[in-house]
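Atoms within each ligand, like the ligands themselves, are counted from 1 in listed order. Sequential numbering from 1 along the given sequence is applied to the chain's residues. Below, all heavy atoms of this structure are taken into account, side chains as well, without hydrogens, waters or symmetry copies. Keep in mind that this is a model prediction, so the values were computed, not measured.
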Amino acid sequence: MSVLEFSDKSVLITGASRGIGRAIALAFCEKGAHVIACARPSDDLTELGSKLGPQGTIWACDATSEDILEKIDQLDRLDILVNNAGINRPEPFIEVSDKNLDDIMDINVRATFRISRHAVKKMSKGGSVVNITSQMGHVGSPNRTVYCMSKHAIEGLTKAMAVELAPEGIRVNAVAPTFIATPMTEDWFKNPEFMEFINQMMPLGKVGVPEDVASAVLYLSSEGANMVTGHSLLVDGGWTIQ
Ligand code: NAP
């Protein structure tokens with residue numbers, strides 16, 4: 001059996017309608033998993049549902065809501081959780097509004113914590129949690145104080161959950177990407193100064209694509225990673241090594 005075989009597995013992915021989450025959903029589907037794809041209602045989410053076909057279940061709800069927790073509580077079982085939903089609103093530290101502070105922490109941190117707390121109760125035969133953090137969960141960068149704070153928080157949560165849930169056979173890891181071409185980054189990549197900054201920082205000299213992140217998530221969720229827990233797998237083109 002291939003280690004990247006998920007045909008008897010059920011996977012919940014938040015923020016699955018676009019970008020990285022969508023690539024993760026399609027990659028698990030291709031490897032035989034049943035995929036529960038969550039995002040707020042949109043044409044993108046409906047289109048993903050058609051693409052997943054009978055291997056997919058669509059949850060059109062907000063990851064910060066009670067609704068998603070109730071849906072999780074009603075599951076018979078869950079094998080894999082991917083906490084991917086997240087936002088970023090880059091701005092200078094001294095200009096950050098309380099609303100942006102609350103919004104980013106609410107989805108990036110609080111929702112990840114609450115969804116995980118409910119989801120692991122459904123992992124009765126062991127399981128895997130993968131948190132999509134960021135290279136910004138390892139380093140700092142201009143105009144990203146709240147985002148960096150939120151992703152560092154999830155790096156800490158990953159380690160603490162990994163220790164506490166190991167006796168239950170639940171592994172908890174993070175994938176920490178660099179800049180990836182998604183709807184989140186589309187406008188930033190149109191700014192030549194920003195691209196110059198990226199080129200200076202990135203030894204591999206290119207931004208990533210969502211599939212680069214999806215393959216790391218599949219590895220960490222697989223049998224091949226059965227001794228890997230509390231790890232943060234940087235998919236960062238070398239950003240953090242210098
Ligand atoms: P994206 O293109 O903006 O997609 C974000 C996804 O999350 C969408 O499906 C969005 O759907 C969903 N989402 C946002 N708020 C939500 C909420 N409250 N409830 C449910 N779903 C919600 O972002 P991305 O670039 O793919 O990023 C995905 C993850 O990777 C994020 O955690 C991000 O921080 C992380 N990351 C991204 C990069 C990058 O360069 N792209 C780098 C490092 C880490 P709706 O808005 O329609 O609900």
Side-chain angles (χ1 to χ4, degrees), residues 12-27 35-49 51-52 58-69 71-72 81-90 100 102-116 130-139 141 143-144 146-155 157-158 174-189 191 194-195 197-198 201-202 206-214 216-217 232-237 239-240:
L12 168 58
I13 302 155
T14 64
S17 59
R18 303 190 297 270
I20 291 169
R22 183 174 188 276
I24 295 168
L26 293 175
V35 173
I36 305 168
C38 159
R40 292 167 295 186
S42 69
D43 291 346
D44 288 338
L45 187 64
T46 306
E47 190 266 336
L48 176 67
K51 216 159 167 126
L52 295 172
I58 295 299
W59 286 0
C61 61
D62 194 312
T64 64
S65 67
E66 299 303 313
D67 191 14
I68 189 167
L69 303 182
K71 283 180 161 58
I72 294 168
L81 167 67
V82 183
N83 284 305
N84 167 75
I87 60 171
N88 188 5
R89 294 182 188 150
N100 285 347
D102 290 346
D103 287 352
I104 295 171
M105 294 304 281
D106 200 20
I107 179 68
N108 291 14
V109 178
R110 195 164 182 271
T112 296
F113 188 99
R114 295 172 85 217
I115 289 168
S116 301
V130 179
N131 296 319
I132 307 302
T133 60
S134 171
Q135 64 188 9
M136 302 307 172
H138 293 257
V139 296
S141 202
N143 300 318
R144 282 171 168 73
V146 186
Y147 187 75
C148 285
M149 175 169 68
S150 73
K151 295 299 187 179
H152 276 73
I154 299 304
E155 289 287 337
L157 175 66
T158 301
V175 172
T178 186
F179 288 100
I180 306 290
T182 70
M184 179 189 272
T185 52
E186 203 175 350
D187 284 344
W188 309 343
F189 288 179
N191 177 347
F194 188 69
M195 291 314 289
F197 168 61
I198 289 184
M201 295 294 288
M202 188 87 75
K206 60 181 181 183
V207 298
V209 294
E211 290 72 20
D212 295 329
V213 184
V217 173
S232 180
L233 180 46
L234 284 151
V235 181
D236 73 345
W239 186 290
T240 59

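- Within 4.0 Å of ligand 1, heavy atoms belong to protein residues G15, A16, S17, R18, G19, I20, A39, R40, C61, D62, A63, N84, A85, G86, I107, I132, T133, S134, Y147, K151, P177, T178, F179, I180, T182, P183, M184, T185.
- Around atom CZ of F113, no more than 12 heavy atoms belonging to other residues, nucleotides or ligands sit under 6.0 Å away.
- A side-chain donor-acceptor contact under 3.5 Å links D62 and T64.
- At a cut-off of 3.5 Å, with distance as the only test, a side-chain donor of N108 or S150 sits close to an acceptor on the other residue.
- Under the 4.0 Å criterion applied to side-chain N and carboxylate O atoms, D103 and R89 are assigned as salt-bridge partners.
- Under the side-chain hydrogen bond (donor to acceptor under 3.5 Å, both in side chains) criterion, S232 pairs with H138, E155, sequence neighbours left out.
- A salt bridge links E66 to R114: at least one charged side-chain nitrogen sits closer than 4.0 Å to a carboxylate oxygen.
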